[in-house]
There are 2 protein chains.
Amino acid sequence: MNRAERKFYEVFTDLQCFILANMNRSDINGVTATHYNIIEYIYRNDKCILKEIAKAFNISPPAISKQLKFLIENSFIEQQQSSLDRRIFNLSVTDKGKFVIDNSENFRETIAKKASKTLTKDDLKNLTELLHKVLAEVMK
Amino acid sequence: MNRAERKFYEVFTDLQCFILANMNRSDINGVTATHYNIIEYIYRNDKCILKEIAKAFNISPPAISKQLKFLIENSFIEQQQSSLDRRIFNLSVTDKGKFVIDNSENFRETIAKKASKTLTKDDLKNLTELLHKVLAEVMK
DNA sequence: AAAAAATAGTTAACTTTGTTAATTATTAAC
DNA sequence: GTTAATAATTAACAAAGTTAACTATTTTTT
(Lines give C-alpha, C1' and ligand atoms only; values in the text may rest on other atoms or scores of the structure.)
Protein backbone atom coordinates (compact mmCIF):
# COMPACT_ATOMS: atom_id res chain seq x y z
CA MET A 1 0.00 0.00 0.00
CA ASN A 2 1.27 3.48 -0.78
CA ARG A 3 0.91 6.45 1.53
CA ALA A 4 -2.50 7.61 0.35
CA GLU A 5 -3.88 4.08 0.49
CA ARG A 6 -2.48 3.58 3.97
CA LYS A 7 -4.10 6.82 5.18
CA PHE A 8 -7.44 5.76 3.74
CA TYR A 9 -7.00 2.32 5.27
CA GLU A 10 -6.51 3.83 8.71
CA VAL A 11 -9.59 6.00 8.53
CA PHE A 12 -11.58 3.08 7.18
CA THR A 13 -10.38 0.97 10.10
CA ASP A 14 -11.70 3.56 12.54
CA LEU A 15 -14.94 3.59 10.61
CA GLN A 16 -15.28 -0.18 10.83
CA CYS A 17 -14.55 -0.07 14.56
CA PHE A 18 -17.25 2.50 14.97
CA ILE A 19 -19.80 0.59 12.93
CA LEU A 20 -18.92 -2.57 14.85
CA ALA A 21 -19.37 -0.88 18.20
CA ASN A 22 -22.69 0.68 17.26
CA MET A 23 -24.04 -2.41 15.60
CA ASN A 24 -23.83 -4.33 18.82
CA ARG A 25 -26.16 -1.95 20.58
CA SER A 26 -29.50 -3.64 20.85
CA ASP A 27 -33.13 -2.91 21.34
CA ILE A 28 -34.36 0.09 19.44
CA ASN A 29 -38.13 -0.09 19.65
CA GLY A 30 -38.07 -3.68 20.86
CA VAL A 31 -35.97 -5.11 18.05
CA THR A 32 -32.26 -5.89 18.05
CA ALA A 33 -29.86 -4.32 15.56
CA THR A 34 -29.90 -7.48 13.45
CA HIS A 35 -33.70 -7.50 13.37
CA TYR A 36 -33.65 -3.85 12.47
CA ASN A 37 -31.19 -4.41 9.65
CA ILE A 38 -33.31 -7.20 8.20
CA ILE A 39 -36.53 -5.19 8.43
CA GLU A 40 -34.79 -2.29 6.73
CA TYR A 41 -33.43 -4.55 4.00
CA ILE A 42 -36.94 -5.82 3.26
CA TYR A 43 -38.22 -2.25 3.39
CA ARG A 44 -35.69 -1.22 0.77
CA ASN A 45 -36.17 -4.41 -1.26
CA ASP A 46 -39.88 -5.10 -1.21
CA LYS A 47 -40.93 -8.64 -2.25
CA CYS A 48 -37.41 -9.91 -1.70
CA ILE A 49 -36.81 -13.49 -0.59
CA LEU A 50 -34.91 -15.22 2.19
CA LYS A 51 -32.08 -16.29 -0.08
CA GLU A 52 -31.34 -12.72 -1.12
CA ILE A 53 -31.13 -11.54 2.48
CA ALA A 54 -28.83 -14.41 3.34
CA LYS A 55 -26.57 -13.40 0.48
CA ALA A 56 -26.66 -9.68 1.30
CA PHE A 57 -25.65 -10.25 4.92
CA ASN A 58 -23.45 -13.27 4.20
CA ILE A 59 -25.35 -15.32 6.76
CA SER A 60 -26.61 -18.88 6.21
CA PRO A 61 -30.26 -19.40 5.14
CA PRO A 62 -31.21 -21.29 8.33
CA ALA A 63 -30.03 -18.35 10.43
CA ILE A 64 -32.09 -15.93 8.36
CA SER A 65 -35.03 -18.34 8.49
CA LYS A 66 -35.06 -18.15 12.29
CA GLN A 67 -34.87 -14.36 12.29
CA LEU A 68 -37.69 -14.09 9.75
CA LYS A 69 -39.81 -16.45 11.84
CA PHE A 70 -39.44 -14.11 14.80
CA LEU A 71 -40.16 -11.03 12.70
CA ILE A 72 -43.28 -12.64 11.18
CA GLU A 73 -44.55 -13.91 14.55
CA ASN A 74 -44.18 -10.39 15.89
CA SER A 75 -45.82 -8.83 12.84
CA PHE A 76 -42.89 -6.68 11.73
CA ILE A 77 -42.92 -8.32 8.32
CA GLU A 78 -45.15 -10.66 6.35
CA GLN A 79 -44.65 -13.18 3.60
CA GLN A 80 -46.70 -14.23 0.63
CA GLN A 81 -46.19 -17.45 -1.25
CA SER A 82 -45.59 -16.78 -4.93
CA SER A 83 -48.24 -18.21 -7.24
CA LEU A 84 -45.69 -18.63 -10.02
CA ASP A 85 -43.23 -20.64 -7.94
CA ARG A 86 -44.60 -21.95 -4.70
CA ARG A 87 -41.14 -22.55 -3.23
CA ILE A 88 -40.76 -18.80 -3.07
CA PHE A 89 -42.04 -16.58 -0.27
CA ASN A 90 -41.99 -12.86 -1.01
CA LEU A 91 -41.35 -10.69 2.00
CA SER A 92 -42.66 -7.27 2.82
CA VAL A 93 -42.73 -4.94 5.79
CA THR A 94 -45.98 -4.45 7.73
CA ASP A 95 -47.21 -1.10 9.01
CA LYS A 96 -45.77 -2.02 12.41
CA GLY A 97 -42.40 -2.70 10.76
CA LYS A 98 -42.55 0.55 8.83
CA PHE A 99 -43.30 2.38 12.05
CA VAL A 100 -40.17 0.93 13.63
CA ILE A 101 -38.03 1.98 10.64
CA ASP A 102 -39.53 5.45 10.46
CA ASN A 103 -39.33 6.10 14.17
CA SER A 104 -35.97 4.62 15.01
CA GLU A 105 -33.21 7.13 15.28
CA ASN A 106 -30.61 4.70 14.02
CA PHE A 107 -26.94 5.46 14.21
CA ARG A 108 -26.57 5.96 10.47
CA GLU A 109 -29.12 8.73 10.66
CA THR A 110 -27.17 10.30 13.48
CA ILE A 111 -24.03 10.10 11.38
CA ALA A 112 -25.75 11.62 8.35
CA LYS A 113 -26.92 14.53 10.47
CA LYS A 114 -23.52 15.07 12.04
CA ALA A 115 -21.84 14.81 8.64
CA SER A 116 -24.15 17.47 7.33
CA LYS A 117 -23.42 19.66 10.35
CA THR A 118 -19.66 19.22 10.12
CA LEU A 119 -19.14 19.56 6.38
CA THR A 120 -20.18 22.18 3.88
CA LYS A 121 -22.94 21.17 1.52
CA ASP A 122 -20.48 20.71 -1.32
CA ASP A 123 -18.14 18.61 0.80
CA LEU A 124 -21.01 16.37 1.88
CA LYS A 125 -22.10 15.89 -1.72
CA ASN A 126 -18.52 15.17 -2.67
CA LEU A 127 -18.03 12.69 0.13
CA THR A 128 -21.23 10.88 -0.82
CA GLU A 129 -20.18 10.67 -4.45
CA LEU A 130 -16.67 9.45 -3.71
CA LEU A 131 -17.89 6.82 -1.26
CA HIS A 132 -20.46 5.70 -3.79
CA LYS A 133 -17.82 5.31 -6.50
CA VAL A 134 -15.57 3.23 -4.26
CA LEU A 135 -18.44 1.05 -3.09
CA ALA A 136 -19.63 0.45 -6.65
CA GLU A 137 -16.14 -0.70 -7.60
CA VAL A 138 -15.76 -2.85 -4.52
CA MET A 139 -19.14 -4.55 -4.74
CA LYS A 140 -19.06 -5.43 -8.42
CA MET B 1 -33.13 14.67 6.87
CA ASN B 2 -32.65 16.86 3.86
CA ARG B 3 -31.81 15.63 0.39
CA ALA B 4 -28.01 15.65 0.77
CA GLU B 5 -28.22 13.90 4.14
CA ARG B 6 -30.57 11.28 2.74
CA LYS B 7 -28.18 10.58 -0.15
CA PHE B 8 -25.29 10.19 2.26
CA TYR B 9 -27.43 8.00 4.49
CA GLU B 10 -28.18 5.67 1.60
CA VAL B 11 -24.56 5.27 0.60
CA PHE B 12 -23.61 4.76 4.22
CA THR B 13 -26.27 2.06 4.54
CA ASP B 14 -24.74 0.21 1.60
CA LEU B 15 -21.37 0.59 3.23
CA GLN B 16 -22.61 -0.85 6.50
CA CYS B 17 -24.21 -3.77 4.66
CA PHE B 18 -20.92 -4.41 2.94
CA ILE B 19 -18.89 -4.23 6.13
CA LEU B 20 -21.40 -6.50 7.86
CA ALA B 21 -21.22 -9.09 5.10
CA ASN B 22 -17.44 -9.09 5.00
CA MET B 23 -17.00 -9.10 8.73
CA ASN B 24 -18.80 -12.41 8.99
CA ARG B 25 -16.24 -14.12 6.80
CA SER B 26 -13.99 -16.07 9.07
CA ASP B 27 -10.58 -17.66 9.22
CA ILE B 28 -7.83 -15.60 7.73
CA ASN B 29 -4.59 -17.28 8.76
CA GLY B 30 -6.34 -19.41 11.36
CA VAL B 31 -8.05 -16.60 13.24
CA THR B 32 -11.62 -15.42 12.91
CA ALA B 33 -12.52 -11.85 11.97
CA THR B 34 -13.19 -11.02 15.62
CA HIS B 35 -9.83 -12.37 16.69
CA TYR B 36 -8.20 -10.48 13.87
CA ASN B 37 -9.87 -7.25 14.88
CA ILE B 38 -8.74 -7.64 18.47
CA ILE B 39 -5.17 -8.47 17.49
CA GLU B 40 -5.12 -5.44 15.22
CA TYR B 41 -6.54 -3.21 17.96
CA ILE B 42 -3.75 -4.29 20.30
CA TYR B 43 -1.23 -3.82 17.49
CA ARG B 44 -2.42 -0.26 17.02
CA ASN B 45 -2.74 0.39 20.76
CA ASP B 46 0.25 -1.28 22.33
CA LYS B 47 0.03 -1.84 26.11
CA CYS B 48 -3.72 -1.35 26.04
CA ILE B 49 -5.93 -3.17 28.54
CA LEU B 50 -8.99 -5.41 28.37
CA LYS B 51 -11.35 -2.68 29.46
CA GLU B 52 -10.33 -0.39 26.60
CA ILE B 53 -10.94 -3.11 24.03
CA ALA B 54 -14.33 -3.85 25.55
CA LYS B 55 -15.19 -0.18 25.25
CA ALA B 56 -13.87 0.18 21.70
CA PHE B 57 -15.89 -2.77 20.43
CA ASN B 58 -18.84 -2.21 22.76
CA ILE B 59 -18.61 -5.79 23.96
CA SER B 60 -18.76 -6.85 27.61
CA PRO B 61 -15.50 -7.43 29.50
CA PRO B 62 -16.16 -11.16 30.10
CA ALA B 63 -16.60 -11.68 26.34
CA ILE B 64 -13.31 -9.93 25.64
CA SER B 65 -11.68 -11.86 28.48
CA LYS B 66 -12.51 -15.15 26.77
CA GLN B 67 -11.23 -13.94 23.40
CA LEU B 68 -7.98 -12.74 24.98
CA LYS B 69 -7.56 -16.06 26.74
CA PHE B 70 -7.71 -17.81 23.37
CA LEU B 71 -5.32 -15.33 21.77
CA ILE B 72 -2.83 -15.68 24.63
CA GLU B 73 -3.05 -19.49 24.67
CA ASN B 74 -2.33 -19.47 20.97
CA SER B 75 0.51 -16.95 21.32
CA PHE B 76 -0.96 -14.23 19.11
CA ILE B 77 -0.72 -11.76 21.97
CA GLU B 78 0.84 -11.59 25.43
CA GLN B 79 0.08 -9.75 28.62
CA GLN B 80 2.20 -8.22 31.31
CA GLN B 81 0.94 -7.34 34.75
CA SER B 82 1.57 -3.70 35.55
CA SER B 83 3.92 -3.11 38.45
CA LEU B 84 2.21 0.18 39.29
CA ASP B 85 -1.28 -1.32 39.49
CA ARG B 86 -1.38 -5.06 39.66
CA ARG B 87 -5.02 -5.23 38.65
CA ILE B 88 -3.95 -4.12 35.20
CA PHE B 89 -2.63 -6.38 32.46
CA ASN B 90 -1.01 -4.58 29.54
CA LEU B 91 -1.47 -6.32 26.23
CA SER B 92 0.83 -6.51 23.26
CA VAL B 93 1.07 -8.44 20.03
CA THR B 94 3.65 -11.21 19.67
CA ASP B 95 5.73 -11.79 16.54
CA LYS B 96 3.24 -14.47 15.54
CA GLY B 97 0.40 -11.97 15.93
CA LYS B 98 2.30 -9.36 13.94
CA PHE B 99 2.87 -11.90 11.22
CA VAL B 100 -0.87 -12.52 11.00
CA ILE B 101 -1.59 -8.80 10.76
CA ASP B 102 1.13 -8.16 8.21
CA ASN B 103 0.29 -11.13 6.05
CA SER B 104 -3.49 -11.06 6.10
CA GLU B 105 -5.04 -9.54 3.04
CA ASN B 106 -7.99 -8.20 4.97
CA PHE B 107 -10.98 -6.70 3.26
CA ARG B 108 -10.14 -3.13 4.28
CA GLU B 109 -6.85 -3.46 2.49
CA THR B 110 -8.68 -4.69 -0.58
CA ILE B 111 -10.98 -1.70 -0.36
CA ALA B 112 -8.07 0.71 0.06
CA LYS B 113 -6.45 -0.70 -3.05
CA LYS B 114 -9.63 -0.58 -5.08
CA ALA B 115 -10.33 2.94 -3.87
CA SER B 116 -6.90 3.99 -5.02
CA LYS B 117 -7.47 2.32 -8.39
CA THR B 118 -10.91 3.87 -8.90
CA LEU B 119 -10.22 7.41 -7.76
CA THR B 120 -7.64 9.97 -8.70
CA LYS B 121 -4.97 10.62 -6.10
CA ASP B 122 -6.58 13.93 -5.16
CA ASP B 123 -10.02 12.36 -4.85
CA LEU B 124 -8.66 9.63 -2.59
CA LYS B 125 -6.94 12.18 -0.38
CA ASN B 126 -10.13 14.21 -0.31
CA LEU B 127 -12.28 11.20 0.56
CA THR B 128 -9.93 10.24 3.38
CA GLU B 129 -9.98 13.74 4.79
CA LEU B 130 -13.76 14.12 4.62
CA LEU B 131 -14.35 10.71 6.19
CA HIS B 132 -11.88 11.57 8.91
CA LYS B 133 -13.64 14.84 9.67
CA VAL B 134 -17.03 13.16 9.94
CA LEU B 135 -15.66 10.36 12.13
CA ALA B 136 -13.91 12.79 14.44
CA GLU B 137 -17.19 14.62 14.93
CA VAL B 138 -19.19 11.45 15.39
CA MET B 139 -16.82 9.82 17.87
CA LYS B 140 -16.25 12.76 20.14
C1' DA C 1 -43.70 -38.76 -19.38
C1' DA C 2 -40.80 -40.47 -15.68
C1' DA C 3 -36.63 -40.11 -13.23
C1' DA C 4 -33.00 -37.25 -11.71
C1' DA C 5 -31.16 -32.90 -10.42
C1' DA C 6 -31.69 -28.42 -8.67
C1' DT C 7 -33.79 -24.86 -5.78
C1' DA C 8 -36.16 -22.45 -1.66
C1' DG C 9 -36.92 -22.95 2.66
C1' DT C 10 -37.14 -25.48 7.32
C1' DT C 11 -35.79 -28.47 11.18
C1' DA C 12 -32.42 -30.48 14.21
C1' DA C 13 -28.17 -30.80 16.58
C1' DC C 14 -24.49 -28.27 17.71
C1' DT C 15 -20.85 -24.29 18.24
C1' DT C 16 -19.55 -19.74 18.93
C1' DT C 17 -19.96 -15.67 21.02
C1' DG C 18 -22.38 -12.78 23.43
C1' DT C 19 -24.91 -11.54 28.10
C1' DT C 20 -25.55 -10.69 33.41
C1' DA C 21 -24.42 -11.82 38.19
C1' DA C 22 -21.22 -13.07 41.41
C1' DT C 23 -16.29 -13.54 42.80
C1' DT C 24 -11.23 -12.47 43.40
C1' DA C 25 -7.57 -9.40 43.81
C1' DT C 26 -6.05 -4.97 44.22
C1' DT C 27 -6.18 0.04 44.87
C1' DA C 28 -8.34 4.48 46.38
C1' DA C 29 -11.07 7.12 49.59
C1' DC C 30 -13.17 8.56 53.90
C1' DG D 1 -8.79 0.59 58.90
C1' DT D 2 -12.96 -0.19 57.03
C1' DT D 3 -15.59 0.81 52.92
C1' DA D 4 -16.02 1.70 48.15
C1' DA D 5 -14.35 1.37 43.60
C1' DT D 6 -11.85 -0.88 39.80
C1' DA D 7 -9.84 -4.64 36.59
C1' DA D 8 -10.35 -8.92 35.37
C1' DT D 9 -12.34 -13.70 35.70
C1' DT D 10 -15.67 -17.49 36.43
C1' DA D 11 -20.17 -19.47 36.05
C1' DA D 12 -24.64 -20.00 34.23
C1' DC D 13 -27.16 -18.94 30.51
C1' DA D 14 -29.16 -16.71 25.98
C1' DA D 15 -28.76 -15.35 21.25
C1' DA D 16 -27.38 -16.13 16.88
C1' DG D 17 -24.54 -18.41 14.01
C1' DT D 18 -23.05 -23.12 11.62
C1' DT D 19 -23.64 -27.73 8.87
C1' DA D 20 -26.33 -31.73 7.62
C1' DA D 21 -30.50 -33.70 6.59
C1' DC D 22 -35.24 -33.08 5.24
C1' DT D 23 -39.73 -31.36 2.66
C1' DA D 24 -41.85 -29.35 -1.10
C1' DT D 25 -41.60 -27.75 -5.49
C1' DT D 26 -39.73 -26.82 -10.08
C1' DT D 27 -36.50 -27.72 -13.87
C1' DT D 28 -33.73 -30.65 -16.63
C1' DT D 29 -32.51 -34.87 -18.76
C1' DT D 30 -33.22 -39.00 -21.01
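Reminder, nothing fancy here: chain letters follow the sequence lines and each chain counts from 1.
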Engineer: Measure from CG on A/L68 to P on C/dG9 and round the result to the nearest Å.
Structural biologist: 9 Å

Engineer: Rounding to an integer number of Å, can you tell me how far A/L91 CG sits from C/dA8 C1'?
Structural biologist: 12 Å

Engineer: Do A/T94 and A/E78 have side-chain atoms, one donor and one acceptor, less than 3.5 Å apart?
Structural biologist: no

Engineer: C/dG9 P sits how many Å from A/Q67 CD, rounded?
Structural biologist: 16 Å

Engineer: Please round to the nearest 0.5 Å and tell me the distance separating atom CG of A/N2 and atom CZ of A/F8.
Structural biologist: 12.5 Å

Engineer: Roughly how far, to the nearest 0.5 Å, is CD1 of A/I42 from NZ of A/K98?
Structural biologist: 11.5 Å

Engineer: May I have the distance from A/K69 (atom NZ) to D/dG17 (atom P), rounded to whole angstrom?
Structural biologist: 15 Å

Engineer: Can you list the other members of the hydrophobic cluster that holds A/I49, where links are side-chain heavy atoms under 4.5 angstrom apart?
Structural biologist: A/I88

Engineer: Return a single string for nucleotides 20-30 of chain C, one symbol per nucleotide in 5' to 3' order, where B is base contact, S is sugar-phosphate-only contact and - is none, cutoff 4.0 angstrom on heavy atoms.
Structural biologist: BB---BBS---

Engineer: Please classify the nucleic acid contact of A/I49 as base, sugar-phosphate, or nothing, using heavy-atom distances under 4.0 Å.
Structural biologist: sugar-phosphate

Engineer: Think A/S65 has a side-chain N or O under 4.0 angstrom from the OP1 or OP2 of C/dT10?
Structural biologist: yes

Engineer: Could you tell me how far apart A/Q79 (CD) and C/dG9 (C1') are, to the nearest whole angstrom?
Structural biologist: 9 Å

Engineer: Looking at A/F76 versus A/H35, is the centre-to-centre ring distance below 6.0 Å?
Structural biologist: no

Engineer: Rounding to an integer number of Å, can you tell me how far B/F57 CZ sits from C/dG18 P?
Structural biologist: 10 Å

Engineer: Between D/dT18, C/dG9, C/dG18, which one does the side chain of A/I59 approach most closely?
Structural biologist: D/dT18

Engineer: Residues two or more places apart in sequence or in another chain: which of them pass ring-ring contact (aromatic ring centres under 6.0 Å, His included) with A/Y41?
Structural biologist: A/F57

Engineer: Would you kindly give the CD1-to-P distance between B/I53 and D/dT9, to the nearest whole Å?
Structural biologist: 11 Å

Engineer: Rounded off to whole Å, could you give me the NZ-to-C1' distance for the B/K66 and D/dT9 pair?
Structural biologist: 11 Å

Engineer: Just so I know, are the side chains of A/M139 and B/D14 near enough to count as touching, which here means a heavy-atom distance under 4.5 Å?
Structural biologist: yes

Engineer: Could you tell me whether the phosphate oxygens of C/dA8, OP1 or OP2, come under 4.0 Å of any side-chain nitrogen or oxygen in A/K51?
Structural biologist: yes

